[in-house]
Number of protein chains: 2
Amino acid sequence: MAKILVVDDEAHIRELIRLYLVDEGFEVIEKANGEDALAYAENQSVDLAIIDIMMPKLDGWDLCKELRELDEMPILMVTSKGEAQDKIKGFKLGTDDYLVKPFDPVELVLRVKALLKRYRIDASSLIKLGSIMLDRRTYQVIYKDGNQVTIPMKEFELLYKLGSYTNQLFTRDHLIEQIWGMDYEGDERTVDVHIKRLRERFAEFESDFKIVTIRGLGYRLEVYRD
Amino acid sequence: MAKILVVDDEAHIRELIRLYLVDEGFEVIEKANGEDALAYAENQSVDLAIIDIMMPKLDGWDLCKELRELDEMPILMVTSKGEAQDKIKGFKLGTDDYLVKPFDPVELVLRVKALLKRYRIDASSLIKLGSIMLDRRTYQVIYKDGNQVTIPMKEFELLYKLGSYTNQLFTRDHLIEQIWGMDYEGDERTVDVHIKRLRERFAEFESDFKIVTIRGLGYRLEVYRD
DNA sequence: CAACTCTTTAAAGAATCTGTAAAAAAGAAT
DNA sequence: ATTCTTTTTTACAGATTCTTTAAAGAGTTG
């Protein structure tokens with residue numbers, strides 16, 4: 001399920017949000033201030049962020065801006081009453097939706113779901129590639145017999161990305177931007193090497209799925225069975 | 001490419017927007033009022049809408065609301081100066097972005113692209129030639145059974161070009177200019193060789209489509225069935 | 001710190017694609 | 001029927017792109 005970052009300095013508000021979201025099967029990460037939230041998002045992927053505007057250290061708007069630079073994720077702002085002016089500001093910064101405190105938690109859940117849908121984010125963190133599965137939460141490969149194995153991070157991310165959109169072409173550019181980050185300076189051939197290792201590692205599953213080279217363009221993952 | 005609905009009662013604004021968008025390869029549908037726009041969107045699929053707020057009949061906000069109910073499409077609002085209040089209203093209705101007139105067309109294009117990316121929309125340009133299809137995004141041939149195959153780039157481009165305007169004559173000159181670039185120095189016969197390769201590759205689909213030689217002039221692609 | 005794994009780089013080796021040139025075939029024209 | 005023009009076919013060499021390998025660098029762990 002989707003991982004949601006909840007940033008608010010009031011613990012009871014976070015608790016309230018968490019309760020409702022967890023109930024819907026979402027994974028919730030709580031942070032009390034923008035700084036902690038940013039530090040987390042820099043290392044871990046987050047599918048959606050719910051951010052309170054008024055916060056110590058890094059405030060909601062700045063966090064929003066920073067997150068936007070990290071990744072194209074949907075952001076839901078929470079404002080206190082009487083901050084109308086802030087709405088416009090948020091609008092400009094590219095917030096996707098907002099709620100005014102006090103809000104109905106049910107509406108929060110609805111909006112979260114709508115945003116995930118709008119961003120075409122597939123909530124499940126489990127991907128099935130023929131007889132194996134990839135679990136994004138643990139970065140593990142799960143075999144049919146239930147065996148779980150950890151594989152190198154980059155390899156996992158690459159396979160996971162390709163597997164998230166089977167049959168779709170990914171250019172090396174695109175993969176590097178998505179996995180290594182847009183500021184990556186290195187060689188494009190790095191992708192090739194990881195692809196090679198994945199092919200090697202999963203050679204025995206050739207009849208389940210295969211990474212296909214599209215000459216001059218990139219790679220594509222084909223799945224042959226469920 | 002993505003199809004964009006432009007709704008504005010001022011013809012010259014529509015014209016301006018159209019010029020820039022078409023230049024980027026988008027397909028543009030112009031409508032002068034909300035009613036016409038809605039009627040269109042109800043029957044034809046649209047990837048993104050650019051809507052002016054002030055319009056006769058059905059105004060921008062109402063159109064926005066109606067479109068939202070039709071389909072989850074990104075909407076870019078265009079406001080005239082001094083309608084600050086409207087921004088908040090639009091925000092609530094779930095507009096995705098906005099621009100204030102007069103705007104820089106280049107920025108419009110940037111925002112359109114950002115929205116399409118955010119919504120994960122990349123309207124692929126598919127061409128159908130009898131029982132096979134060509135996907136420009138991936139440079140691949142898609143067979144009826146769903147099999148996707150990569151063919152050499154130049155061959156693909158040639159077939160794609162011919163297939164984009166079936167039955168229309170293309171001189172070698174024209175093809176070279178379009179595919180190889182106007183600065184291409186090489187021999188015209190190169191086209192012939194690629195045509196030969198295409199004919200060979202798709203020999204089994206002769207009853208679907210065929211590349212016909214027009215002696216002394218060039219080539220033409222005929223399609224025999226849908 | 002030494003051993004380990006993971007990641008990246010660099011470069012050689014493979015595979016594939018592309019353009020050329022020339023021979024063969026086909027189509028017009030005389 | 002012969003000649004001329006244009007297209008098709010063939011084969012190959014050069015160019016481009018991908019794969020593989022090996023080794024260095026970075027980061028971790030005992």
Side-chain angles (χ1 to χ4, degrees), chain A residues 42-44 134 138-141 149-162 169-203 206 210-222, chain B residues 134 138-141 148-162 169-203 206 210-222:
Chain A
E42 271 168 350
N43 299 309
Q44 302 280 161
L134 304 180
T138 60
Y139 282 81
Q140 281 187 324
V141 180
V149 174
T150 306
I151 67 171
M153 190 99 83
K154 281 272 143 56
E155 280 180 50
F156 185 93
E157 292 196 273
L158 196 51
L159 187 60
Y160 191 87
K161 178 59 71 180
L162 290 169
L169 165 72
F170 286 85
T171 63
R172 293 182 180 73
D173 254 10
H174 192 184
L175 289 168
I176 283 181
E177 188 181 318
Q178 298 265 311
I179 295 170
W180 277 264
M182 57 203 100
D183 52 339
Y184 180 76
E185 290 288 315
D187 200 306
E188 276 202 337
R189 294 281 142 246
T190 298
V191 177
D192 302 28
V193 176
H194 284 98
I195 293 284
K196 179 208 179 307
R197 293 195 184 126
L198 280 171
R199 282 172 172 158
E200 208 166 62
R201 189 185 298 283
F202 295 105
E206 269 209 335
K210 206 183 291 179
I211 299 173
V212 177
T213 306
I214 302 175
R215 193 176 215 271
L217 294 168
Y219 297 96
R220 184 164 69 81
L221 190 137
E222 287 180 357
Chain B
L134 304 181
T138 61
Y139 283 80
Q140 283 190 323
V141 180
Q148 301 182 40
V149 173
T150 306
I151 67 173
M153 194 102 75
K154 280 273 142 57
E155 280 180 51
F156 184 94
E157 293 196 275
L158 196 52
L159 186 60
Y160 192 87
K161 178 59 71 179
L162 291 169
L169 166 72
F170 286 86
T171 63
R172 293 184 180 72
D173 253 10
H174 191 186
L175 289 169
I176 281 182
E177 189 180 318
Q178 297 265 310
I179 295 168
W180 278 264
M182 56 204 99
D183 52 338
Y184 180 76
E185 291 286 315
D187 200 308
E188 273 202 340
R189 293 283 140 237
T190 297
V191 177
D192 302 28
V193 176
H194 282 99
I195 293 282
K196 180 210 180 299
R197 289 182 183 144
L198 279 171
R199 282 173 172 157
E200 205 167 63
R201 188 185 299 282
F202 295 106
E206 269 208 334
K210 207 182 291 180
I211 299 173
V212 177
T213 306
I214 301 174
R215 204 187 157 81
L217 293 169
Y219 298 96
R220 185 162 68 82
L221 190 137
E222 289 179 356

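Sequence lines set the chain letters: A, B, ... in the order given, protein chains first and strands last, and positions in each chain run from 1. The structure presented is a predicted model; accordingly, all values stated were derived computationally and were not measured.
- Residues A/Arg197 and A/Lys154 form no side-chain contact, since every pair of their non-hydrogen atoms from C-beta on lies 4.5 Å or further apart.
- B/Leu158 contributes atom CG, which lies 14.0 Å from atom CE of B/Met153 (distance to the nearest 0.5 angstrom).
- Atom CG in A/Leu169 sits about 11 Å away from atom P in D/dC18, given to the nearest Å.
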Exercise for review: Apply side chain to side chain contact (heavy atoms under 4.5 Å, CB included) to the pair B/Leu159 and B/Leu221, showing each step before the final yes or no.
Suggested key: CA-CA 8 Å; B/Leu159 186 60; B/Leu221 190 137; 3.5 Å; yes
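- Applying side-chain contact (heavy atoms from CB on, under 4.5 Å) to A/Tyr219 and the options A/Ile214, A/Thr171, A/Val191 leaves one that passes, A/Val191.
- Spacing between atom CD1 of B/Ile195 and atom P of D/dT8 amounts to 8 Å, rounded to whole angstrom units.
- Rounding to whole angstrom units, CD of residue B/Glu157 and C1' of C/dC17 are separated by 13 Å.
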Show each protein N/O and nucleotides 18-25 of chain C N/O combination with a separation under 3.5 Å, one pair to a line.
unit_1, atom_1, unit_2, atom_2, d
C/dT18, OP1, B/Lys154, N, 3.2
C/dG19, OP1, B/Trp180, NE1, 2.7
C/dG19, OP2, B/Trp180, NE1, 3.2
C/dG19, O6, B/Arg197, NH2, 2.5
C/dT20, OP2, B/Tyr184, OH, 3.4
C/dT20, OP2, B/Asp187, N, 3.1
C/dT20, OP2, B/Thr190, OG1, 3.2

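- Between the CG atom of B/Leu158 and the C1' atom of C/dC17 there is a distance of 14 Å, given to the nearest Å.
- For A/Tyr219 and D/dT19, the shortest distance from a side-chain N or O to OP1 or OP2 is below 4.0 Å.
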**Study point:** From CA spacing to verdict: side chain to side chain contact (heavy atoms under 4.5 Å, CB included), A/Arg199, A/Thr213
**Key:** CA-CA 11 Å; A/Arg199 282 172 172 158; A/Thr213 306; 2.7 Å; yes
Collect all protein-nucleotide pairs involving nucleotides 24-29 of chain D in which both atoms are nitrogen or oxygen and the distance is under 3.5 Å.
none

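- Here B/Glu185 pairs with nothing under the salt bridge (charged side-chain N to carboxylate O under 4.0 Å, His left out) rule; sequence neighbours left out.
- Electrostatic pairing of A/Lys196 and A/Glu200 counts as a salt bridge here, judged by a charged N lying under 4.0 Å from a carboxylate O.
- Taking the six-membered ring where the residue is Trp, A/Tyr184 and A/Trp180 present tilted rings, their angle falling between 30° and 60°.
- Following rounding to the nearest Å, A/Leu198 (CG) and C/dC6 (C1') show an atom-to-atom distance of 13 Å.
- Computed from coordinates, the A/Lys210 NZ to D/dT19 P distance equals 13 Å when rounded to whole Å.
- For A/Ile214 and C/dT16, the CD1 to C1' distance is 15 Å, given to the nearest whole Å.
- At D/dT6, none of the side-chain N or O atoms of B/Thr213 fall inside 4.0 Å of OP1 or OP2 (strictly under the cut-off).
- Donor-acceptor pairing under 3.5 Å, judged by distance alone, is present between the side chain of A/Arg215 and the base of C/dT16.
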Exercise for review: Would you check, one step at a time, whether the test side chain to side chain contact (heavy atoms under 4.5 Å, CB included) holds for A/Arg172 with A/Arg189?
Suggested key: CA-CA 8 Å; A/Arg172 293 182 180 73; A/Arg189 294 281 142 246; 3.2 Å; yes
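- With a cut-off of 3.5 Å on both Watson-Crick or G-U wobble distances, the partner of C/dA23 is given as D/dT8.
- Nucleotide D/dT6 holds its P atom 10 Å from the CZ atom of B/Arg172, rounded to whole Å.
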